[in-house]
Amino acid sequence: MSSKESAQDKELLERYRRAGGTEAAEPSEAVRAAILAEGRRVAELRAQKAGGRPFDASRPAANDSRWKLTALGTAGAALLAAFLFAPRLWENAPPAPPVGNAVPPPTLESIHPSPTSSAPLREIVVTQATRENSKSADAASPKHSAPPAPRAWLRRMPLA
Amino acid sequence: MSLAQESDENLMLRFGRGEAAAFEDLYRRHESRVFRYLYRNLRNEAGANDLMQEVWFAVVRNAVDYQPTAKFTTWLFTIAHNRMVDMIRASGRLQSLDAGDSADSDGSSLLDSLAADAKLEPPAEVQSREEAAALLEAVAQLPPEQRSAFLLQAEGELSVEEIAVATGSNFETVKSRLRYARAKLRQLLWDYA
């Protein structure tokens, strides 16, 4: 097609379109209303199928499993909190009551401290000295009637 | 982006998802062109109205399956053309709109003589109302296949390839129909002038 023919074709189309503009060719109002009503009806059906609302691309899809991540996160946080607080609960718990031979009997060492263990020996010596002192004090001053109470563990201790 | 700025293809996809406003916008964009295509082919207002409704109902029904693999207007005018051919066949008013191209044989001698005529170029004076009426009448006088091809180009703004798809014809046949149609219209305009 030559450029002259092409220009003529364009001009012809332009003339046709201008001619078409002079003529009122449009569908009847009834047809237009029927077409638009059908369009609205079908659109409404599709919107209902899609959840009763117009399509919203910003919403997560119905099959999105994001809730699983949320649930997993919550469970993890609860587990961490339990892990952090559990040791404190164990520390504050009352001691378990003795059951059977659970408590070992006192050893000889604990009753008669060995000479190598100086602190209890010293205490015994001091205690005996104190008792002797108190005896001599009793003898010296008969007014001082109440001797000092022996320590609780000494009262229990069978001193030979 | 407002609906007015959306492409035809996007409006169709929106309508397929349930947006009534998208369909209304699309309809108003193409209402006149589709109606003129039908009316000028049928030359019958009642028939054009019936067909108009049928074409757009088909668009509505098929919107959910619509895939923008081609221009929306190619799809729309393919529906319009096929419905029109079906209606014409059903009425028995016309033997052929696409069965063979009788105009090719009828018009070849005319085209040759018209092409040889250097005075074919229509006068460039201001187009009067009478001239517009004469042009529209000339379009109405074209053989059906040529008229349909010319109107698909003029109203649907389809390319030769797209017209071939819409009418189910091959490229060369469509090109030939368009050449004959334009040559005849130029001659008629020249005669009028």
Side-chain angles (χ1 to χ4, degrees), chain A residues 1-70, chain B residues 14-24 26-28 31-36 38-40 45-46 48-53 55-57 59-61 63-64 115 120-122 124 127-129 131-139 150-151 153-155 157 175 178-179 181-182 185-186 189:
Chain A
M1 186 185 286
S2 71
S3 61
K4 187 181 175 187
E5 277 181 321
S6 177
Q8 286 175 356
D9 291 346
K10 279 182 185 169
E11 191 192 337
L12 184 65
L13 284 174
E14 279 307 306
R15 280 171 170 255
Y16 167 78
R17 286 176 184 142
R18 281 201 301 270
T22 64
E23 192 184 57
E26 56 179 27
S28 69
E29 198 50 51
V31 166
R32 181 182 291 139
I35 291 167
L36 292 176
E38 180 68 3
R40 278 192 290 271
R41 188 187 69 79
V42 171
E44 199 175 319
L45 282 176
R46 285 186 192 137
Q48 278 174 2
K49 274 188 187 174
R53 281 168 292 198
F55 180 77
D56 181 4
S58 63
R59 288 176 55 209
N63 59 354
D64 191 346
S65 59
R66 207 175 292 174
W67 67 271
K68 286 180 186 170
L69 286 175
T70 311
Chain B
R14 279 169 170 257
F15 174 56
R17 294 189 294 243
E19 283 187 42
F23 176 74
E24 287 174 18
L26 197 60
Y27 174 75
R28 292 191 195 286
E31 178 192 64
S32 299
R33 298 198 303 162
V34 174
F35 186 78
R36 281 198 300 264
L38 298 171
Y39 176 64
R40 299 222 165 102
E45 194 169 349
N49 270 306
D50 288 350
L51 211 46
M52 180 78 171
Q53 184 166 317
V55 167
W56 283 98
F57 275 26
V59 169
V60 167
R61 278 196 300 274
V64 75
L120 257 183
E121 206 172 327
Q127 191 178 25
S128 65
R129 185 170 287 274
E131 189 190 33
L135 179 54
L136 295 178
E137 182 56 30
V139 170
F150 176 77
L151 289 172
Q153 187 179 53
E155 297 292 355
E157 294 178 8
K175 211 169 151 185
L178 285 170
R179 278 172 56 218
R182 287 191 296 250
L185 290 174
R186 275 192 221 113
L189 280 175

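Numbered from 1 within each chain, the chains take letters A, B, ... in sequence-line order.
Top candidate by heavy-atom pairs under 4.5 Å with chain B, chosen from A:L45, A:L36, A:V42, is A:L36.
Side-chain contact of B:R40 with A:Y16: a donor-acceptor pair under 3.5 Å is present, judged by distance alone.
Interatomic distance, CZ of B:R186 versus CD of A:E11, reported as 9.0 Å (0.5 Å rounding). The distance from atom CZ of A:R32 to atom CZ of B:F35, rounded to the nearest 0.5 Å, is 9.5 Å. From A:R15, atom CZ reaches atom CG of B:L185 across 11.5 Å, with rounding to the nearest 0.5 Å. In this structure, B:F57 CZ and A:E38 CD are separated by 4.5 Å, a value rounded to the nearest 0.5 Å.
Judged by distance alone, the side chain of B:N49 and the main-chain N or O of A:S28 form a donor-acceptor pair under 3.5 Å. For the pair A:R17 (side chain) and B:A154 (backbone), a donor-acceptor distance under 3.5 Å is present.
Using a 4.5 Å cut-off between heavy atoms, B:V34 makes no contact with chain A at all. For A:R41, no part lies near chain B; criterion is any non-hydrogen pair under 4.5 Å. When heavy atoms are compared at a cutoff of 4.5 Å, B:F15 approaches chain A by way of both its backbone and its side chain. Interface remark: B:R61 contributes backbone atoms only to the contact with chain A (heavy atom separation under 4.5 Å). Proximity to chain A is absent for every atom of B:L51, based on heavy atoms less than 4.5 angstrom apart.
A salt bridge between B:R179 and A:D9 is absent, with no side-chain N of the basic residue lying under 4.0 Å from a carboxylate O of the acidic one.
The minimum heavy-atom distance linking A:I35 with B:M52 is given by the pair CD1-O, 3.9 Å.
Residues A:R46 and B:R17 fail the side-chain proximity criterion, which asks for heavy atoms closer than 4.5 Å. The shortest distance between side-chain heavy atoms of B:Y39 and A:E26 does not fall below 4.5 Å.
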